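Have a look at the structure below before the remarks.
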Protein chains: 2
Amino acid sequence: MYQIGEFSKICQVSVKTLRYYDGIGLLKPSSVDRFTGYRYYDRSQLERMLLIQKLKRYGFPLEEIGALLSGGEGAFRRALRRQRDKLEAQRVELETILQELDAQAQAFERTGNIMDISNGYEIKLTETEPVAVFSLRKRMGAEDYGKYFSELYERIAKEGLTPGGVTGAMYHEEEYDRESSEIELFVSVRETERADKTLEPRLCATTVHKGAYSTLNEAYAALVSWIEENGYERDGAPYDVYRQGAWSNLAPKDWETEIYFPVRKKA
Amino acid sequence: MYQIGEFSKICQVSVKTLRYYDGIGLLKPSSVDRFTGYRYYDRSQLERMLLIQKLKRYGFPLEEIGALLSGGEGAFRRALRRQRDKLEAQRVELETILQELDAQAQAFERTGNIMDISNGYEIKLTETEPVAVFSLRKRMGAEDYGKYFSELYERIAKEGLTPGGVTGAMYHEEEYDRESSEIELFVSVRETERADKTLEPRLCATTVHKGAYSTLNEAYAALVSWIEENGYERDGAPYDVYRQGAWSNLAPKDWETEIYFPVRKKA
DNA sequence: CTTGACACTCCCCTTGGGGCAGGGCTTATA
DNA sequence: TATAAGCCCTGCCCCAAGGGGAGTGTCAAG
């Protein structure tokens, strides 16, 4: 039997934390004095605590740790795998951010300008050409694009058609949420009459964004404010066309994305 | 002039966030209607917002972003570098955790045992040999070890002495805090009489921990509870000796650390 | 009997907002 | 003309994982 202070030293955890875990029911002391409220711990608590710390290190939230500790082996195995994938995704994201930061720092050293924004975006008004596409509309998050584009390309291959070199995504909701939005992915095909649909010619404000996708919002902002200031208004769902993207073997800073906003002259 | 809702769509940021930023003084609207309280934004706010989002992506806390935006170029440059190092450290940490998770998952698949703990630690009682060491005592965090060990080895080289193959750290505070504790690093030298001091022979409970340092707490816990249960008590500062460590080119899972707890028989 | 080391509960604080209640303003529609 | 729909506002409580401190109770030693 250890008092809370002793026990905290053994597990290298603060007393506060032990009391907190007791409170949320994650690690109950083996006994509590009814009159003084003193908590007493023993060996089995120690083992549980070490496991908790380990899982915490793997990034599990405490609530899930509690569930895992009282759950079965299968769930535990699955949770480990899921967490592995999550950490892996985090690692990729972190590396992307690091590259962006480096690029930004270099640009800053060159130009002395805190932000090289809004100088690069040349915005044009164009009438788009009609494009016959295979498309797939669905509610999805930003990290699902890859999966669904693969589906599209498989379908095209299965039907013996030829991709036409235009790959893009259309945003059907006003507010875009990385986690989940209503999105339509499309890939152009040469065989016009066998396509799912055709993107009709539209008057669009458009620009080209160079760099990783995480900075697309800058181009987006530039376009939206251009539209406002030049007396147009939005008229339909905007879309991106990926000229050079994640699948090419270029570095993220050399990717190229065209952004199209259907517009009409304001009344 | 944009209303808050419009502006939120332009920057792809929630209205709530805009109000919050206004509240903490990070991004003030260009004007606020005195009677209705309506916030109005314009172009310059847009640029500032994009920069804020960029810095947020790099991991800066909002408060620091505010300071950077009103600070000078030099500070900005330094902050970028600092943040780069921080992200880099995070990446390394994340990779370590991933390796640990993989090792753990494999062990789990093999043994079917959620935790292969407390089976591995063979605890022994020994009388240590005296060791002549160069040492450096200081309040430091866990990530400073490398730096200070380098200092020690440089001193040894400068004085023309020969390292004796024992590298370790002694913990002078009861509660260990990764961030900052009173720690004494030591490296043994062959030239006994020119050493800083000698680790005197002591009766110690000891064990060997195999694996990354992050799981040292398990060995530590095993030792502390062994001491309690076998009628001993702690008698002095415990220390680690790194047999195979971060500087070797072994994978973390093959590192070996000896842990020593000076003890005496309880009265 | 007192002192010091420990223990307890209770409350407020952190980051970066999300969610909801309750209310004000303007405009489009029945 | 009434009302409903969109905007907008403030103010309150909520999240995770505890940290810090106030005020008070308990235990063993001198």
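Keep in mind that what you see is a predicted model, and the values were worked out from it rather than measured. Labels below follow one simple rule: chain letters A, B, ... track the order of the sequence lines, proteins then strands, and each chain is numbered from 1.
Scanning both residues, B:Pro29 and B:Tyr40, for their nearest heavy atoms gives CB-O, 3.4 Å.
D:dC15 atom C1' lies 13 Å from atom CD1 of A:Ile24, rounded to whole Å. The CZ-P distance, from B:Arg34 to D:dC9, rounds to 17 Å in whole Å. The separation between A:Asp33 atom CG and C:dT9 atom P is 11 Å, rounded to whole Å. Atom C1' of nucleotide D:dA17 and atom CG of A:Asp22 are separated by 15 Å, given to the nearest angstrom. What separates CD of A:Glu6 from C1' of C:dA5 is a distance of 13 Å, to the nearest Å. We find that CG of B:Leu18 is positioned 16 Å from P of C:dG16, with the value rounded to whole Å. The OH-C1' distance, from A:Tyr40 to C:dC8, rounds to 11 Å in whole Å. D:dC8 atom C1' lies 12 Å from atom OH of B:Tyr41, rounded to whole Å.
Here D:dC7 is the nucleotide among D:dC7, C:dC10, C:dC8 with the atom lying nearest to any side-chain atom of B:Gln3. The side chain of B:Ile4 has D:dC9 as its nearest neighbour among C:dC8, D:dA17, D:dC9. In the set D:dC8, D:dA17, D:dG19, the nucleotide with an atom closest to the side chain of A:Lys16 is D:dG19. Looking at the side chain of A:Leu62, the nearest of the listed nucleotides D:dT10, C:dC8, D:dA17 is D:dA17. With D:dG18, C:dT9, C:dG17 as the candidates, the nucleotide lying closest to the side chain of A:Lys56 is D:dG18.
Looking at which nucleotide of DNA chain C each of A:Arg19 and B:Thr17 is closest to, the 5′-most match is held by A:Arg19.
For a distance-only test at 3.5 Å, the side chain of A:Tyr38 qualifies as a donor-acceptor partner of the base of D:dG25.
For the residue pair A:His209/A:Glu218, the side-chain donor-acceptor check at 3.5 Å is not satisfied.
Contact check on A:Glu100 versus B:Lys54 returns no salt bridge, with no Lys/Arg side-chain nitrogen under 4.0 Å from an Asp/Glu carboxylate oxygen. Here B:Lys9 does not pair with B:Glu6 in a salt bridge; the nearest charged N to carboxylate O distance is not below 4.0 Å.
Ring geometry for B:Phe76 against A:Phe108 counts as perpendicular: the plane angle is over 60°, on a 0 to 90° scale with 30° as the lower cut.
Within 4.0 Å of A:Phe35, counting heavy atoms only, lies no atom of the nucleic acid at all.
A close approach under 4.0 Å does not occur between any side-chain nitrogen or oxygen of A:Tyr20 and OP1 or OP2 of D:dG19. Using a 4.0 Å cut-off, some side-chain N or O of B:Arg39 falls inside it from OP1 or OP2 of D:dT10.
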